[in-house]
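Before any comments, here is the structure.
Throughout, numbering of the chain's residues begins at 1 and tracks the sequence. Start at 1 and go down the list; that is how both ligands and their atoms are numbered. The model shown is predicted, which means the values in this text are computed figures rather than measured ones.
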Amino acid sequence: MDDNQVSNTSLWTAYMRAHHCIHATDKIFDDFLANDLVPKDVQEQIKQQIIPEVFVPATNNIVTRSRYTEDILEEAIRQGVTQYVILGAGMDTFALRRQDLMEKLNVFEIDHPATQEFKLQRYAELGWKNPENLHLVPIDFTKQNLETELTNLSSYDPEAKTFFSWLGVINYLTQDEVETTLRFIANISSSGSTLVFDYMDLNEINLEKKSQQLQKSTEYLEKIDEPRKTGGFNPLVLEENLACLGFDLVENLSPSDIESRYLKECTDQHVLKHINFAHSVTK
Ligand SMILES: C[S@@+](CC[C@H](N)C(=O)[O-])C[C@H]1O[C@@H](n2cnc3c(N)ncnc32)[C@H](O)[C@@H]1O
C-alpha cells in the first residue's frame, strides 16, 4: 500500500455497500451513508473498472461480513461489551449509522494514517461530525505496535470486555504481521473479549489459482498497489492456530455456510469461494 494514498480497496468496499443498499431487493446490510461517503468521481472510476464476474460475489461477501459482525456485536453488547475496536476500519460508518448502539460504547477506529486522513477530510466536506466516543487511531500494522498505541490511550480500558472486528485486512498482510496483531489483541483485552474477522482460505486459494475470478481480482489488486500477501488460514486447523495465539474459536463459516445463512432468498446467491468468516473469543 502506498504510504500517502487512501486505500483503494476501502473505497471499493464502501462502494459495494452503497450499491447493495441502493439496488438490492433483499437487503442484507443497510449502509445508507456509504453512497454519500464515496465521492462521485471515485464512484465513476470504480464503475469503469468493475469485473462483473467478481463484483457480484465480492459484494455479497462485503455485505454479509458486515452483517455477520454487527449481529454478533449487538449480542455482545447485550452481554456487557463496552468497547468496539474496528481494525482497518476504512470507510466503515458504524459510528454514525448505529447511534442506537453507540450510546453504550467507546469505539476505536484503527486504520492506516492515509486512509484515516482521507475519511476525516471527506467527513468535513460532507459536514459529518464524529461522536465524542469515537476515537481515531492511525496505525500502520506493518510498522507500529497496536498494543502500545491502544494501551497508551486513556480512553481505552484493557480490563473492559471488548469487541474487535478485522474485516478485509488480513489478506493485505503477511502471516507474521497477522499473527503479531492477533497476539496484541489477546494481550490487550480481558478474557472473553470477541474477535470477528474474515480470512483467505489458503487451501482454496491454492486449488483456485487458475480460476478466472481469482486471477482477475489478483491482477486488479496488483494494479492498484494493494496486492494480496500471505495472510490467511487453513480452516481445517484454524481452531489450533487460534488457540496458540490466545483465542477460542466459536464459529467458522465457509462460503457455503455464508450463502445458506444469508443469501437463500437472494437472486445472486454466491460469495467468493476463498473467503471464510471467523468468530472467536480471547481465552
Ligand atoms: C479492503 S479495506 C477494508 C475496509 C473495511 N474494514 C471494510 O470492511 O470495508 C482494507 C483496509 O485495511 C487497511 N489496511 C491495509 N493495510 C494496512 C496496514 N498495513 N495498516 C493499517 N491498515 C491497513 C486499509 O487502509 C483499508 O482501510
Can you tell me which portion of Arg17 lies within the under-4.0 Å heavy-atom range of ligand 1? Options are side chain, backbone, both, or neither.
side chain
When you measure from the side chain of Gln144 to the backbone of Glu149, do you find a donor-acceptor pair of N or O atoms at a distance under 3.5 Å?
no
I'd like to know if the side chain of Gln43 and the backbone of Asn35 have a donor-acceptor N/O pair within less than 3.5 Å.
yes
N or O contact, Leu167 vs ligand 1, cut-off under 3.5 Å
yes
Could you list which atoms of ligand 1 come closer than 4.0 Å to a heavy atom of Ile139?
20 (N), 21 (C)
Within 4.0 Å of some non-hydrogen atom of Val169, the atoms of ligand 1 are 12 (O)
Positive for ring-ring contact (aromatic ring centres under 6.0 Å, His included) with Tyr84, one of Tyr156, Phe94, Phe164, Phe108
Phe94
Part of Thr115 with heavy atoms under 4.0 Å of ligand 1, whether side chain, backbone, both or neither
side chain
Which atoms from ligand 1 have a heavy atom of Gly90 less than 4.0 Å away?
4 (C), 27 (O)
Should one rank Ser7, Gly168, Ser10, Ala89 by closest heavy-atom distance to atom 5 (C) of ligand 1, which comes out on top?
Ala89
For atom 7 (C) of ligand 1, state which one of His112, Arg65, Met91, Met16 supplies the nearest heavy atom.
Arg65
Check Arg122 with Glu117, please: is the shortest side-chain N to carboxylate O separation under 4.0 Å?
no
Measure the spacing between NZ of Lys119 and CG of Asp111 and express it to the nearest 0.5 Å.
7.5 Å
For Glu74, does the CD atom have more than 12 heavy-atom neighbours from other residues, nucleotides or ligands under 6.0 Å away?
yes
Do the side chains of Glu222 and Arg228 get close enough for a salt bridge, i.e. N-O under 4.0 angstrom?
no
Would you mind listing which atoms of ligand 1 come within a distance below 4.0 Å of any non-hydrogen atom of Thr142?
19 (N)
When you compare ligand 1 with Thr13, is there at least one nitrogen or oxygen pair between them that comes in under 3.5 angstrom?
yes
Check each heavy atom of Asp140 against ligand 1 and say whether those closer than 4.0 Å belong to the side chain, the backbone, both or neither.
both
Side-chain (Ser193) to main-chain (Thr162) donor-acceptor, under 3.5 angstrom
yes
Please report whether ligand 1 has a polar contact with Gly88, defined as an N or O pair separated by less than 3.5 Å (distance criterion only).
yes
Of the side chain and backbone of Ile62, name the one, both, or neither that has a heavy atom under 4.0 Å from an atom of ligand 1.
neither
Parallel, tilted or perpendicular: rings of Trp12 and Tyr15 (30°, 60°):
perpendicular
Does any N or O atom in Ala14 lie less than 3.5 angstrom from one in ligand 1, N or O only?
no
Ligand 1 to Asp111 polar contact by distance, N or O atoms, under 3.5 Å:
yes
What do you reckon, are the aromatic ring centroids of Trp128 and Tyr123 less than 6.0 Å apart?
yes
